[in-house]
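Fair warning: this is a prediction, and the values are worked out from it, not measured in the lab.
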Amino acid sequence: MKCPLCTIREADKKNTHYFTDKIIRSCLNLDGGNERETGFYFDLSNDTAFVEFNFQRETSIPKLEETLGRLATEKEIEQAKKIPFSVDYVFCTNCEAIFTEIEDAFINRILPKLRDAGISELEELDFEYIKIIRLFFYIQIWRTAVCEKAYKLSPETFEKLRLIIINNATITDQEIKNFPLGITYLETLGGEKEYTSNFVGFTNDRKPNLVILNDFVIQFYESNEDVKFFDFYNLNNHEFEKFTNFNEDKFKIRILHDAERKAFLKEMVREEKVKQTLSFYRSRFSEFWFNLFGVDPPSPITEQYIYFICNQEDDLLSHTRENIIKLTQEFLIRKLQ
């Protein structure tokens with residue numbers, strides 16, 4: 001297999017993170033620290049918007065079982081053997097060095113002005129280092145499009161980004177600024193462990209292509225015509241165009257303060273988990289009904305059941321399996337009386 005960046009050399013590199021490891025590591029680890037492959041994480045599924053749980057291969061099993069309140073399943077253990085957001089033999093060693101140079105420039109010159117930088121009174125930061133910032137977020141977008149089938153770019157945009165990255169040393173300012181790009185920084189206070197409440201992943205939206213990268217949210221548009229308000233759990237506001245950089249003189253990064261960050265993440269989890277949970281309950285109720293009566297339940301009956309489940313004193317997301325079985329039996333007894 002040829003490396004998709006240079007298109008010349010064989011893809012010989014193992015363990016290439018298509019999301020920059022030094023950015024996402026604190027989110028993925030148990031205590032927010034920098035030890036690799038030792039934590040739990042929640043991420044947006046690659047082919048749905050659901051938030052899913054996983055843990056990494058060096059995670060302490062006693063710690064895992066303490067957190068879960070149960071033994072890990074075989075499926076979870078098998079999944080944990082995989083390094084998240086990492087691929088083998090997709091890129092070559094030479095091109096990996098290009099990625100590393102771009103990442104190091106961002107981590108050394110931009111990241112310290114955001115993380116633990118006392119920005120709680122600021123609504124935005126303006127940067128003159130346009131090339132450093134854009135290259136860093138371009139490689140997140142482009143590598144994800146290479147590595148994940150669900151994350152798509154048009155062939156024209158994919159090739160333009162490839163050429164920008166491979167020719168980054170000689171690329172002009174005009175060439176690098178012709179994609180609309182919005183970056184929101186999620187201020188994360190409370191020490192390293194607080195980073196574990198952030199997320200890593202992406203959606204399959206195209207306008208914009210959206211990636212959550214621990215304390216960064218990337219909104220990438222393929223053309224200026226695609227720029228429009230995108231309501232993603234109250235992430236954007238009426239000033240979203242102001243923070244969509246395009247042919248800019250300085251690069252603007254919007255700051256979402258810690259309380260706003262928590263509200264944003266809470267809303268995202270609740271909405272997506274509720275959606276997933278309701279779908280699960282509908283499916284299981286249909287199976288239960290079919291096993292009893294040999295036919296699928298009428299739609300009004302299913303919706304009555306969902307209404308019954310949702311109007312219990314317990315929060316929808318806190319129901320145990322045993323509790324749902326009990327409530328389902330109670331609902332059926334009422335319907336059959």
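- Placement of L189 and L265 in two distinct hydrophobic clusters is found when ILVMFWY residues are connected by side-chain heavy-atom separations under 4.5 Å, directly or transitively.
- Atoms CZ and CG, on F240 and D231 in that order, are 11.0 Å from each other to the nearest 0.5 Å.
- Between D173 and K177 there is no salt bridge, since no side-chain nitrogen of the basic residue lies less than 4.0 Å from a carboxylate oxygen of the acidic one.
- How far CG of D104 is from CD of E101: 8.0 Å, rounded to the nearest 0.5 Å.
- Shown here is D249, whose CG atom has no more than 12 heavy atoms of other residues, nucleotides or ligands within 6.0 Å.
- Looking only at atom types and distance, the side chain of E175 has a donor-acceptor partner in the side chain of T172 under 3.5 Å away.
- A continuous path of hydrophobic side-chain contacts links I166 to I102 [ILVMFWY only; heavy atoms under 4.5 Å].
- For the 3.5 Å distance criterion, the side chains of E260 and N234 fail to qualify, holding no donor opposite an acceptor.
- We find the CG-CE distance between D12 and M1 to be 11.5 Å, quoted to the nearest 0.5 Å.
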For this session: Could you check F220 against L161 for side-chain contact (heavy atoms from CB on, under 4.5 Å), going step by step and ending with a plain yes or no?
Result: CA-CA 12 Å; F220 173 85; L161 286 178; 3.9 Å; yes

For this session: Start with the C-alpha distance between E330 and R334, add both sets of side-chain angles, then the distance that settles salt bridge (charged side-chain N to carboxylate O under 4.0 Å, His left out), and finish with yes or no.
Result: CA-CA 6 Å; E330 181 180 338; R334 291 186 182 187; 2.9 Å; yes

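- Atom CG of residue L332 and atom CZ of residue F308 lie 9.5 Å apart, to the nearest 0.5 angstrom.
- The number of heavy-atom neighbours closer than 6.0 Å to NZ of K242, taken from other residues, nucleotides and ligands shown, is above 12.
- Scanning both residues, V211 and F202, for their nearest heavy atoms gives CG2-CB, 4.0 Å.
- Under a 3.5 Å cut-off, the side chain of S286 and the backbone N or O of R282 do not form any donor-acceptor pair.
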Problem set entry | Pair N214-F19, side-chain contact (heavy atoms from CB on, under 4.5 Å): steps then yes or no | CA-CA 10 Å; N214 193 357; F19 291 154; over 6 Å; no

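- Contact annotation: the side chain of Y18 never approaches that of S86 to less than 4.5 Å [non-hydrogen atoms, C-beta and beyond].
- Across all their heavy atoms, H17 and D21 have their closest contact at NE2-OD1, 3.6 Å.
- Taking 4.5 Å as the limit, some side-chain heavy atom of D258 sits within range of a side-chain heavy atom of E187.
- In this structure the side chain of R254 never reaches within 4.5 angstrom of the side chain of I183, judged on heavy atoms.
- The pair D215-R115 meets the salt-bridge criterion, since a charged nitrogen lies less than 4.0 angstrom from a carboxylate oxygen.
- Among I212, N209, L181, the single residue meeting the side-chain contact (heavy atoms from CB on, under 4.5 Å) criterion with I218 is L181.
- Two different hydrophobic clusters hold F91 and I8 under the rule that ILVMFWY side chains link at heavy-atom gaps under 4.5 Å.
- Here the side chain of E10 pairs no donor or acceptor atom with the backbone of C92 at under 3.5 angstrom.
- Counting non-hydrogen atoms of other residues, nucleotides and ligands closer than 6.0 Å to CZ of F229 gives a total above 12.
- Residue L114 is grouped with residue L122 when hydrophobic side chains (ILVMFWY) are merged at heavy-atom distances under 4.5 angstrom, including chains of intermediate members.
- A donor-acceptor contact closer than 3.5 angstrom links the side chains of Q219 and N236.
- Residues P180 and N178 approach most closely at CD-O, 4.0 Å, considering heavy atoms.
- Sparse packing is recorded around NZ of K160, with 12 or fewer heavy atoms of other residues, nucleotides or ligands lying under 6.0 Å away.
- When every heavy atom of Q140 is checked against every heavy atom of T20, the shortest pair comes out as NE2-OG1, 2.7 Å.
- Both F331 and F288 sit in one connected hydrophobic cluster of ILVMFWY residues. Membership requires side-chain heavy atoms under 4.5 Å apart, directly or through other members.
- The nearest pair of heavy atoms linking V295 to W289 is O-CD1, 3.1 Å.
- A 4.5 Å side-chain heavy-atom check between Y221 and F246 finds every atom pair outside the cut-off.
- No donor-acceptor pair closer than 3.5 Å links the side chain of T157 to the backbone N or O of L153.
- Note on E222 versus K152: no salt bridge recorded, every NZ/NE/NH1/NH2 to OD/OE distance being 4.0 Å or above.
- A salt bridge is defined here as a Lys NZ or Arg NE, NH1 or NH2 lying under 4.0 Å from an Asp or Glu carboxylate O, and E248 with K252 fails to meet this definition.
- The minimum heavy-atom distance linking I107 with L111 is given by the pair O-CB, 3.5 Å.
- Here the NZ atom belonging to K228 is positioned 6.0 Å from the NZ atom belonging to K207, to the nearest 0.5 angstrom.
- Counting only heavy atoms from C-beta outward, the side chains of C3 and Y89 never approach each other to under 4.5 Å.
- Side-chain atoms of N198 and T188 form a donor-acceptor pair, as typed in the model, at a separation below 3.5 Å.
- Looking at F285 and I309, their side chains never come closer than 4.5 Å, going by heavy atoms from C-beta outward.
- A 4.5 Å side-chain heavy-atom check between F179 and I164 finds at least one atom pair inside the cut-off.
- Atom CG of L5 is separated from atom CZ of R162 by 6.5 Å, given to the nearest 0.5 angstrom.
- Between N247 and Q174, some side-chain heavy-atom pair lies under the 4.5 Å cut-off.
- Using modelled atom types, no side-chain atom of D126 and backbone atom of K250 make a donor-acceptor pair closer than 3.5 Å.
- Side chain to side chain, T328 and Y305 meet the donor-acceptor criterion of an N or O pair below 3.5 Å.
- With hydrogens and angles left out, the side-chain atoms of N167 and T170 include no donor and acceptor closer than 3.5 Å.
- Between F216 and F137, the distance separating the two ring centers is shorter than 6.0 angstrom.
- When ring centroids are compared, F251 and F127 stay outside the 6.0 Å threshold.
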For this session: Check the pair F264 / F232 against side-chain contact (heavy atoms from CB on, under 4.5 Å), numbers first and verdict last.
Result: CA-CA 9 Å; F264 162 64; F232 188 70; 3.8 Å; yes

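- Between the side chains of T302 and S299, no donor N or O sits under 3.5 Å from an acceptor N or O.
- The six-membered or imidazole ring of F106 lies away from that of Y129, with a centre-to-centre distance of 6.0 Å or more.
- A cation-pi geometry, defined here as NZ or CZ lying under 6.0 Å from the six-membered ring centre and within 45° of its normal, holds between R143 and F99.
- E194 and S197 share a donor-acceptor pair across their side chains, judged by distance under 3.5 Å alone.
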Exercise. Going through the checks in order, is the side-chain contact (heavy atoms from CB on, under 4.5 Å) test met by R9 and C95?
Worked result: CA-CA 9 Å; R9 292 177 290 269; C95 288; 3.7 Å; yes

